[in-house]
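Right, one structure below, let's go through it.
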Amino acid sequence: MTPTAPAPTAPHLIDGKQTAEDIKVEIAAAVAQLTATGQRAPHLAAILVGHDGGSETYVRNKVLACERVGYDSTLLRFEDDITEADLLAQVAALNEDPAIDGFIVQLPLPKHIDAEKVIEAVRPDKDVDGFHPMNLGRMVAGLPALLPATPSGIVELMARQGIKTSGQHCVVIGRSNIVGTPVSILLAKNLDTANCTVTLCHSRTKNLREICRQADIIVAAIGRPEFVTGDMVKPGAVVIDVGTTRVTDANKKSGFTLKGDVNFAEVAPLASRITPVPGGVGPMTIAMLLLNTLRAATGAVYPKK
Ligand SMILES: Nc1nc2c(c(=O)[nH]1)N[C@@H](CN(C=O)c1ccc(C(=O)N[C@@H](CCC(=O)O)C(=O)O)cc1)CN2
């Protein structure tokens, strides 16, 4: 029998909360420099439609993060019966408002509103979510772009944690426009922080378990709690969990427990590095949104209008 290296027994947590905090410190320093030279602080606006619990939390955290780094922020709230036309009019107003450097429309939107239409209505130079086809297209072409926050946050998190990506086989599970598809493109790019061989898997993928077992890095972004189990992970793999599903839990004061897409108890003992939920990828999403806002405010990607 050939001896094999023992699998690591203790999880090596990737601290997204601390990494996001480090980025916020850097951003706060950049804002202080801007304002010291007489320029105004960057200004982020957020549109929140309805009362989804998760969206309320995320938007609240975005506003708090703005305060933390010295940005101005504006929250525009609407009931979930707002018409598509009225929402598009709000987007048009923010597009034209010179005091706003960038804005987001929190997703998901109610079913009667065409989210793609709303995303396309955001001016690309103010699209700090990086969801507009212009920014996605520029990202694919390797041109300067406002990059989607969660995918760029994943790449930044791995880079700052010294995780090797070049030549590694990365299996991404999930093909959403917000995470799975863009992160697979970013990770395959010829960059110091990427250069992976990427396999993008989804609900119709055959032999998912076997494919995942070949991965040096797994990015789980399928939105199904505890989907990735121990038998799908090669010992020593790096596991990045993007899931944040609220699962009803009567024992919790909040009434729910936050679950990732990875069965942490099974996978953590196998993984060389793993992101926790909460405290992994989620905080990086907000840090990268702040970074995009700074880039929009300073004309780093598109000339200021
Ligand atoms: N307009 C957008 N809508 C949505 C996006 C987005 O990037 N732009 N992504 C997700 C939600 N999201 C940001 O909006 C987001 C999700 C999770 C976190 C986060 O920090 N999670 C914490 C836990 C927070 C909690 O207590 O629930 C963590 O994982 O530690 C931030 C942002 C969909 N919509």
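What you see is a predicted model; the values in this text were computed from it and never measured. Just follow the structure's listing: the first ligand is 1, and inside any ligand the first atom is 1.
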Exercise. Which atoms of ligand 1 sit under 4.0 Å from any heavy atom of Thr244?
Worked result: 29 (O)
Problem set entry | Student check: side-chain heavy atoms of Thr205 and Ile211 closer than 4.5 Å | yes
Exercise. Would you say the side chain of Lys126 lies within less than 4.5 Å of the side chain of Asp101, judging by non-hydrogen atoms?
Worked result: no
Problem set entry | Distance filter under 4.0 Å to Phe131 heavy atoms, resulting ligand 1 atoms | 1 (N), 2 (C), 6 (C), 7 (O), 8 (N)
Exercise. Would Glu156 and Thr193 count as a side chain to side chain donor-acceptor pair (under 3.5 Å) if you check the C-alpha gap in whole Å, the side-chain angles of each, and the deciding distance to 0.1 Å?
Worked result: CA-CA 7 Å; Glu156 187 70 20; Thr193 51; over 6 Å; no
For this session: Using a 4.0 Å heavy-atom threshold (strictly under), name the region of Ala149 that reaches ligand 1: side chain, backbone, both or neither.
Result: neither
Exercise. Between the side chains of Gln161 and Thr19, does any donor sit under 3.5 Å from an acceptor?
Worked result: yes
For this session: Decide whether Asp86 and Gln90 meet the rule of one side-chain donor and one side-chain acceptor closer than 3.5 Å.
Result: no
Exercise. For residues His43 and Ser73, is any side-chain donor paired with an opposing acceptor at under 3.5 Å?
Worked result: no
For this session: Report, in ascending order of atom number, the atoms of ligand 1 lying under 4.0 Å from any heavy atom of Val105.
Result: 1 (N)
Problem set entry | For atom 10 (C) of ligand 1, closest protein heavy-atom neighbour | Gln106 NE2, 4.6 Å
Problem set entry | Closest protein heavy atom (residue, atom, distance) for atom 14 (O) of ligand 1 | Lys62 NZ, 2.6 Å
Exercise. Purely on distance, is any nitrogen or oxygen of Asp129 under 3.5 Å from one on ligand 1?
Worked result: yes
For this session: Give yes or no for whether the N/O distance cutoff of 3.5 Å, strictly under, is met between Leu258 and ligand 1.
Result: no
Problem set entry | Within one Ile-Leu-Val-Met-Phe-Trp-Tyr cluster: Ile154 and Leu191, side-chain cutoff 4.5 Å | no
Exercise. Taking both backbone and side-chain atoms of Asn61, is any N or O found less than 3.5 Å from an N or O belonging to ligand 1?
Worked result: no
Problem set entry | Nearest-contact summary for atom 21 (N) of ligand 1 - protein heavy atom, Å | Gly282 CA, 3.8 Å
Exercise. Under 3.5 Å, is there a donor-acceptor pair linking the side chains of Asp127 and Tyr302?
Worked result: no
For this session: Identify the protein heavy atom lying closest to atom 34 (N) of ligand 1, giving its residue, its atom name and the separation to 0.1 Å.
Result: Leu107 O, 3.0 Å
Exercise. Any chance the side chains of Arg246 and Thr57 put a donor and an acceptor closer than 3.5 Å?
Worked result: yes
For this session: Considering only non-hydrogen protein atoms, determine which one is nearest to atom 24 (C) of ligand 1 and report residue, atom name and distance to 0.1 Å.
Result: Tyr58 CE2, 4.1 Å
For this session: Give the atoms of ligand 1, by number and element, whose distance to some non-hydrogen atom of Gly279 is under 4.0 Å.
Result: 28 (C), 29 (O), 30 (O)
